[in-house]
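Presented below is the structure to which this report refers.
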Amino acid sequence: MPVGGITAVSGPAERPGDGQAADLVLRNARIHTQDPSRPAATAIAVRDGRITALGDDADVARLVGPATQVVDALGRRVVPGLNDSHLHVIRGGLNYVLELRWDGVPSLRQALAMLREQAGRTPKGQWIRVVGGWTAEQFAERRMPTAAELTAAAPDTPVFVLHLYQSAILNRAAVRAAGFTRDTPDPRGGQIVRDRNGDPNGLLLAAPSALILYSTLARAPALDAADKMVSTRHFLRELNRFGLTSAVDAAGGFQSFPENYATVTELARAGELSVRIGYHLFPQTAGQELADLERWTATVRPGDGDSWLRLNGAGENLTWAAADFENFSEPRPELGSYEAEFEKVVRLLMENGWGFRLHATYDETIGRDLAVFEKLAADGLFPDGNSWLFDHAETVSSRNLERIAALGGGISVQNRMSFQGTAFAQRYGAEAAALAPPVTDMLRHGLPVAAGTDATRVSSYNPWVALYWLVTGRTVGGAALRPADQLLSREQALELYTLGGARLTGEDEDKGTLCEGRFADFAVLSHDYFAVAADDIPHIESLLTVVGGRIVYAAGEYEDLDEAVPPVSPAWSPVAHFGGYQASPPPSVAGARQADLLAEAVTASEQHRQWRVARGFVPEESPPALFDPCFVL
């Protein structure tokens, strides 16, 4: 890499000692620190995983020793490492290499072509799975695939395509592999759609529960232990690709403790995590939640672990009966009585110093939960310093925001409206969609607020899609849902995606801000987030991602500076061929801009030819005669 302007200190009196020289120096950068006392810098020095100096080239030059790695940022924007406050990173990692990602794919035609090609390499007995991260609105055709199209693309290979929390589409081979027949009853909260003869036609509906979708997916073959390790490492590398350095795992259905946590535990033990993970524990068996949590609270405490892998608390479900479903194509579910058992669980957690997070989409659910908390407040359990928060909160009211603030809670918001916003607006109206969720109102109430994606089964894990939604209020299909007074500035949105997540986990003294003594977690961006056109924001990637001073991802001019990861396994994996998120050119380089760039390239080629002629490298000759077969008679 070019390192002009900084060289190793050579004078014996000034040469840093073995314990003083920086391990890594980044220079010639435009660093957004999020530190009010020093909001900008151009150089950063790192030693032992933490920032030791921040300022300009002169400030870090004294720390450059013979072994220091010096990287030139080439004037690019640098931001603190992104922190997704609600990401199903553990479950996503266990399955990543098995999934064909339609995230970012611009047309259904291309999506079906990818599926058809993947069918040719998928071995017998395996499924093709498209699991979240896309919506029909992103496609030029503005529609979902049909079961017949899936069958035409892959006649003999089972295909399962999950669409949001709403539905799944299966080809004929998948219907057979899943064991669905005309005699299979509809599960509670779900529907197996049938043809005129009563046979399953390949469409599964969440009505309103998504359990039918996830239980069907669970029937597909899983990876062995070794491939789960490889899959998780590649998923973490994919997150690093977008500048993500931390994630809060919100647990979820079909993610059992401790068996499904074994992979990240082993990677942490080997020092091979490239994303810092704080995780939650989610009781999986209805009716057994209190017993599970009693065992867990007696065994470990939140905060146990280290900066790479640590327990944060319980949730996002505490009891199954208290969970509302977020399928906006269906009416809001009416929950039965759950308060008595819910109160026991919350009391247990608070008395044992466990924080928690709660899945709550609707204001009605939030109000019922708050009534339980207010009852426990009489015993001094709220607020008492334990970290707790609501997730999602799309329809939370101003009155309930006041109650959350009074009880010391926070909120984690996700860009589910990027993918489900149109369905929400169709059911509840444009006025309600404009406030789903009311992020600016949350901030006005002084609540701790953090941002995330809720990837991977609905939203994409690409954080820049979420930041675009916070800044513009637009869905991935371009629909404008939020008025100007409900939008955040780019600075506010980035803070929710960095420092906001760190505050919710009590780690804001270590990360979220770039200043001396904090973790060296940062990203060098492909485009300047603060300067590009708003429509370009979803197309931003990281060219260099650093976590704890380690270069965990490098691309472009920095390629090969990062750590090696093992090849994708199994070899037939969709990720091995297509990769993950399907990047496309930013709008600012499309159309006329592309023509301009091509013209610049042609001009540069002619200048190069003239340069070679002038130096005698090639003979000077007249331009070749043009030949156009269209005009040959």
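Residue numbers run from 1 in the order of the sequence given.
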Please name all residues satisfying side chain to side chain donor-acceptor pair (under 3.5 Å) with [X], sequence neighbours left out, ordered by chain then number.
X      : answer
Glu351 : none
Tyr279 : none
Arg550 : Glu563
Thr299 : none

Completion exercise
Hits for side-chain contact (heavy atoms from CB on, under 4.5 Å) against Ser307, two or more places apart or cross-chain, chain-then-number order -> Arg276, Phe519

Practice task
Using the test side-chain contact (heavy atoms from CB on, under 4.5 Å), find all partners of Thr263 that sit at least two apart in sequence or belong to another chain.
Solution key: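 If we apply the side-chain contact (heavy atoms from CB on, under 4.5 Å) test to Thr263, skipping adjacent residues, the hits are Leu94, Lys228, Met229, Thr232, Leu267.
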
Test item: [X] and [Y] side chains (from C-beta on) under 4.5 Å apart, heavy atoms:
X      : Y      : result
Thr52  : Val46  : no
His280 : Val248 : yes
Leu98  : Leu223 : yes
Leu349 : Leu293 : yes
Leu504 : Ser412 : yes
Leu488 : Val439 : yes
Val25  : Ile44  : no

Mind checking the [atom1]-[atom2] spacing from [X] to [Y]? Nearest 0.5 Å is all I need.
X      : Y      : atom1 : atom2 : value
Leu561 : Tyr553 : CG    : OH    : 12.5 Å
Ile51  : Glu516 : CD1   : CD    : 8.5 Å
Ile404 : Leu389 : CD1   : CG    : 9.5 Å
Ile537 : His527 : CD1   : NE2   : 12.0 Å
Arg518 : Thr33  : CZ    : OG1   : 10.0 Å
Glu491 : Leu496 : CD    : CG    : 12.0 Å

Restricting to ring-ring contact (aromatic ring centres under 6.0 Å, His included), what partner residues turn up for [X], sequence neighbours left out?
X      : result
Tyr581 : Phe242
Trp308 : none
Trp354 : none

Carboxylate-amine/guanidinium proximity below 4.0 Å for [X] and [Y]:
X      : Y      : answer
Asp528 : Arg30  : yes
Arg301 : Asp304 : no
Arg503 : Glu509 : no
Arg47  : Asp23  : no
Asp103 : Arg101 : yes
Arg38  : Asp35  : no
Arg27  : Asp57  : yes
Glu316 : Arg357 : no
Asp510 : Arg50  : yes

Exercise for the section: Would you check if the distance from the ring center of Trp134 to the ring center of Phe419 is below 6.0 Å? Expected result: no

Handout entry: Between Tyr468 and Tyr497, ring centroids under 6.0 Å
Key = no

Checking the side chain of [X] only, and the main-chain atoms of [Y] only, is there a donor and an acceptor separated by less than 3.5 Å?
X      : Y      : value
Ser460 : Asn462 : yes
Asp224 : Asp227 : yes
Glu495 : Gln34  : no
Tyr558 : Ala73  : yes
Ser459 : Thr453 : yes
Ser387 : Thr505 : no
Asp59  : Asp56  : yes
Arg77  : Ala523 : no
Asn260 : Ser256 : yes
Glu272 : Arg233 : no

Practice task
Decide side chain to side chain contact (heavy atoms under 4.5 Å, CB included) for Val547 and Val552; before the verdict, give the C-alpha distance in whole Å, the side-chain angles of both, and the deciding distance to 0.1 Å.
Solution key: CA-CA 7 Å; Val547 188; Val552 296; 3.6 Å; yes

Between [X] and [Y], a side-chain donor and acceptor under 3.5 Å:
X      : Y      : value
Gln582 : Ser584 : no
Asn83  : Thr498 : no
Gln255 : Asp249 : yes
Glu326 : His359 : yes

Handout entry: From Trp296, Phe373, Phe282, Phe390, residue fulfilling ring pair (Phe, Tyr, Trp, His ring centres under 6.0 Å) relative to Phe356
Key = Phe373

Practice task
May I have all residue pairs that pass side-chain hydrogen bond (donor to acceptor under 3.5 Å, both in side chains) and include part of residues 570-580, sequence neighbours excluded?
Solution key: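 Every side-chain hydrogen bond (donor to acceptor under 3.5 Å, both in side chains) pair that includes a residue of residues 570-580, provided the two are not neighbours, is Glu117-His577, Arg121-His577.
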
Practice task
Only pairs at least two apart or in different chains count here, so list each ring-ring contact (aromatic ring centres under 6.0 Å, His included) that has a residue in residues 57-97.
Solution key: His86-His88, His86-His392, Tyr96-Phe235

Practice task
Not counting sequence neighbours, list each pair that qualifies as a salt bridge (charged side-chain N to carboxylate O under 4.0 Å, His left out) and has a residue in residues 450-463.
Solution key: Arg416-Asp454

Exercise for the section: Apply the test side chain to side chain contact (heavy atoms under 4.5 Å, CB included) to residues Asp292 and Glu289: give CA-CA distance (whole Å), side-chain angles for both, the deciding distance (0.1 Å), then the verdict. Expected result: CA-CA 5 Å; Asp292 285 343; Glu289 300 96 331; 5.9 Å; no

Problem - Shortest non-hydrogen contact from Glu541 toward Ala583 - result: OE2-CB, 3.4 Å

